Amino acid sequence: MKRILLLRGAEFLVFALLATIPKFVENPYALGLLTLLAIYGILLIGLDVTVGYLGQVNLAHVAFLGLGAYAAGFVVTKLGLGMVPALLAATLVGLVLGGLLALPALRLEGPQFALATLSFAALSTTALNELEALTGGAQGLSLSRPPLFGHNLTPPLFYWLCMVLLAVVWMLMRNLLASQWGRAFEALRDSPIATDAMGVGTYAHKVAAFALGSSLGGLAGGLYAFNFQYLQPQSFTYDLMIILLLGVVLGGRKSLWGAFVGASVIVLLPNLLSNRLLFQIFSGLGFAGALAAGLQGLYRKTTRPFQALAPVVAMGLLVVGGLLVENTEDWRKAIFALMLFSVVVGLPEGIMGFLSTFLAKLFRVPHAPLPEPADIDTMLPIRPADGSALLVLDDLKRYFGGVKAVDGLSMTVRAGTIHGLIGPNGSGKSTVVNVISGLYTPTAGTMQLRGVALPIGSLYRVAQAGVARTFQNLQLFGELTALENVLVALKGVYRNPLPMVLLGLARREERSAQAQALALLELIGLREQALVKAKDLTYGAQRFLEIARALARKPDLLILDEPAAGLAHPDVLQQIEFIQRIHQRGITIILIEHHMDVVSELCDTVTVLDGGRIIAEGTPDVVQRHPKVVEAYLGQPPQPELPGGAEPLPA
């Protein structure tokens, strides 16, 4: 209750205060700035979806602002329709064009994605400039603010409209980002491979997130058009995009409050640069803050020297520039660049990232209470181990050019068993499981799960078919808590449609999902660390968490790829116990492992690979004594024991 009162109370107080401003502020310029703050708040919330949650540098957002603005202007000036159709058209243009851009662009990563979005922004500006019949071209497009439900929108009324829309967007996005959708967006940023392997369609969610953010850009564009009532293509260029990125990064990514703070900053920046004294005061305060934070970080050894000193140097340059430069507006690009550099290096979580941690400690804001764990027998019921053929591989091959990583593998994994897959380094073990799980496409051969052809070349479709896996190299969602990692993968719980989620009517479903996830964490001994970020767990706990996350898929077949790699002996013993608990529930397991004591302890059947082919198969005891296995591991055939214990003569 305390948490809800503090968080929701802060939101209510801020919006209530903003709603009363027109009663006290009569200056039309000041009211115009506050209206622009609301518009930019909506715009930055949309941009934060791609920059903050997806972790992609989106340089096309300014284009959706412009396209939405011109769409609204076109509806009013050419079609003669009113405010509501114009804003709906602006939002729809952002949604549709954002989705169309996302389809090819999101197949790219990093700089390539940034360049693709930058190209779209440049193309949009050119199109708006050249399509004079629709946009007015370089001469611009003038429009009037249409009435809303018969009321002429005076500046105060239009301000309230923008604030109401900001509040609605805030509420809807808060509900969405706190749901399975928001967790999926964050997971995509940390590990797209693991996201697909957990049955969350990476590409589909990326496209949906980008289109959603773009639709908010379009809505903000419609409001922008009615705020200024005059549009020019050159208003929506790269300069504004840099300012928008600065707002998201400075305010704080993955935060609605961060978008609001960022919007406040970029609205005030032009006024800051036009007043030399104000800029000198601001840069001086920034320099003092960077210096104090850097010295504190160095003293406590929590900050690397570069991270501490670089913002001090950058802010120092702003101070010197403020003293030497006559007109700071002429240097706006350099100033924006230095500010952006300072924030990215010195305050990567932004202003609200820092303040949220500080205020949570100051007011002792508790975590949201968690439900009791669900009954594990209900959530993950025991399955009969009938020994039937669950997974059948027939003449499976995977070649990498001339390298035959898997060469004619035929193997049957029976239901309810633990099937070990061992072999020396380079024998093809990991390649086999990568082919089974859909990470690699087989060169030849067939795979069947319960008599049905297993999908090939798609982690997502294989996960949907009933196969879950862990990874040799950990693929956790580091920025999510242990509980959230399991929630991302949880199968068969989320049934409410998106409108219910947006309206906050899926909370009962969320509590049920949390209870099931806690049951899995309890099964592997991590219930007490449910709210710890995955990146902050010990290495052993991270290995256990990856198993719990895979179990959340409630799989027919669980693949454990070297789960004991790098673990200390006590953790290995604990992990053996966890795997035995899982096996007792009738879940079929393929275990790839180098620790022979783990294989001997757990496996019913062991298949040994060498050079991509099976050299032995049977129980652990039989396999360990097989001559070809000994030769594969030791590099020589076993020597016959000589009479009397004599040693063989050297060759």
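Just so it is clear, the structure is predicted and the values come from calculations on it, not from any experiment.
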Test side chain to side chain contact (heavy atoms under 4.5 Å, CB included) on Leu591 and Val606; report intermediate values, then the result.
CA-CA 9 Å; Leu591 176 66; Val606 177; over 6 Å; no
Taking the side chain as everything from C-beta on, heavy atoms only, tell me whether [X] gets closer than 4.5 Å to [Y].
X      : Y      : value
Phe400 : Tyr440 : yes
Ile587 : Leu551 : yes
Leu176 : Leu498 : yes
Leu520 : Ile376 : yes
Leu518 : Val486 : no
Val435 : Leu393 : no
Lys404 : Arg613 : no
Ile436 : Ile590 : yes

Checking [X] side chain against [Y] main chain: does a donor-acceptor pair fall under 3.5 Å?
X      : Y      : value
Thr431 : Val406 : no
Gln516 : Ala374 : no
Asp604 : Ile418 : yes
Lys554 : Lys491 : yes
Asp190 : Gly478 : yes
Arg549 : Ala489 : no
Glu522 : Pro373 : no
Arg398 : Pro442 : no
Thr588 : Gly416 : yes
Gln464 : Gly199 : yes

If I take atom [atom1] from residue [X] and atom [atom2] from residue [Y], how far apart are they, to the nearest 0.5 angstrom?
X      : Y      : atom1 : atom2 : answer
Ile615 : Leu609 : CD1   : CG    : 8.0 Å
Asn496 : Leu502 : CG    : CG    : 11.5 Å
Leu391 : Thr412 : CG    : OG1   : 8.0 Å
His583 : Cys603 : NE2   : SG    : 9.5 Å
Leu54  : Leu106 : CG    : CG    : 7.0 Å
Ser179 : Met500 : OG    : CE    : 13.0 Å

Ignoring hydrogens and geometry beyond distance, is a side-chain donor-acceptor pair present between Thr619 and Asp621 at under 3.5 Å?
no
Could you tell me if Gln56 and Glu109 have a donor-acceptor pair between their side chains, going purely by distance under 3.5 Å?
yes
What closest approach, in Å, do [X] and [Y] show between heavy atoms, and which atom pair accounts for it?
X      : Y      : value
Leu487 : Gln180 : O-OE1, 3.2 Å
Asp394 : Ser410 : OD1-OG, 3.6 Å
Ala517 : Leu490 : N-CD2, 4.4 Å
Gly611 : Asp407 : O-CB, 4.5 Å
Val413 : Leu557 : CG1-CD1, 4.5 Å
Phe544 : Ile524 : O-CD1, 3.8 Å

Please evaluate residues Ile576 and Val598 with respect to the criterion side chain to side chain contact (heavy atoms under 4.5 Å, CB included), reporting the C-alpha separation (whole Å), side-chain torsions for both, the decisive distance (0.1 Å), and the verdict.
CA-CA 7 Å; Ile576 290 174; Val598 175; 4.1 Å; yes
Above 12 or not: heavy atoms from other molecules or residues under 6.0 Å from CZ of Arg511?
yes
More than 12 foreign heavy atoms under 6.0 Å from CZ of Arg253: is that the case here?
no
Step by step, would you call Ser191 with Gln475 a side-chain hydrogen bond (donor to acceptor under 3.5 Å, both in side chains)?
CA-CA 6 Å; Ser191 178; Gln475 294 282 345; 2.6 Å; yes
Asp377/Arg585 salt bridge by N-O under 4.0 Å criterion
yes
Do NZ/NE/NH1/NH2 and the carboxylate oxygens of Lys533 and Glu186 come within less than 4.0 Å?
no
Criterion side-chain contact (heavy atoms from CB on, under 4.5 Å) against Pro563, the qualifying member of Leu560, Leu567, Asp561:
Leu560
Only residue of Lys254, Met173, His61 satisfying side-chain contact (heavy atoms from CB on, under 4.5 Å) with Val49 is Met173
Determine, step by step, whether Gln472 and Lys429 satisfy the side-chain hydrogen bond (donor to acceptor under 3.5 Å, both in side chains) criterion, reporting the C-alpha distance in whole Å, the side-chain angles of both residues, the deciding distance to 0.1 Å, and the verdict.
CA-CA 11 Å; Gln472 183 177 347; Lys429 306 181 300 297; over 6 Å; no
Ring-face cation contact, Phe578 with Arg543, 6.0 Å cut, 45° max:
no
Face-on cation placement of Arg469 at Phe471 ring, 6.0 Å and 45° thresholds:
yes
Yes or no on side chain to side chain contact (heavy atoms under 4.5 Å, CB included) for Phe210 and Leu101, after CA distance, side-chain angles and deciding distance?
CA-CA 9 Å; Phe210 191 92; Leu101 173 61; 3.8 Å; yes
Worked check of side chain to side chain contact (heavy atoms under 4.5 Å, CB included) between Met447 and Ile456
CA-CA 9 Å; Met447 301 182 292; Ile456 60 174; 3.6 Å; yes
Given Glu510, Glu484, Glu479, the one that forms salt bridge (Lys or Arg N to Asp or Glu O under 4.0 Å) with Arg183
Glu510
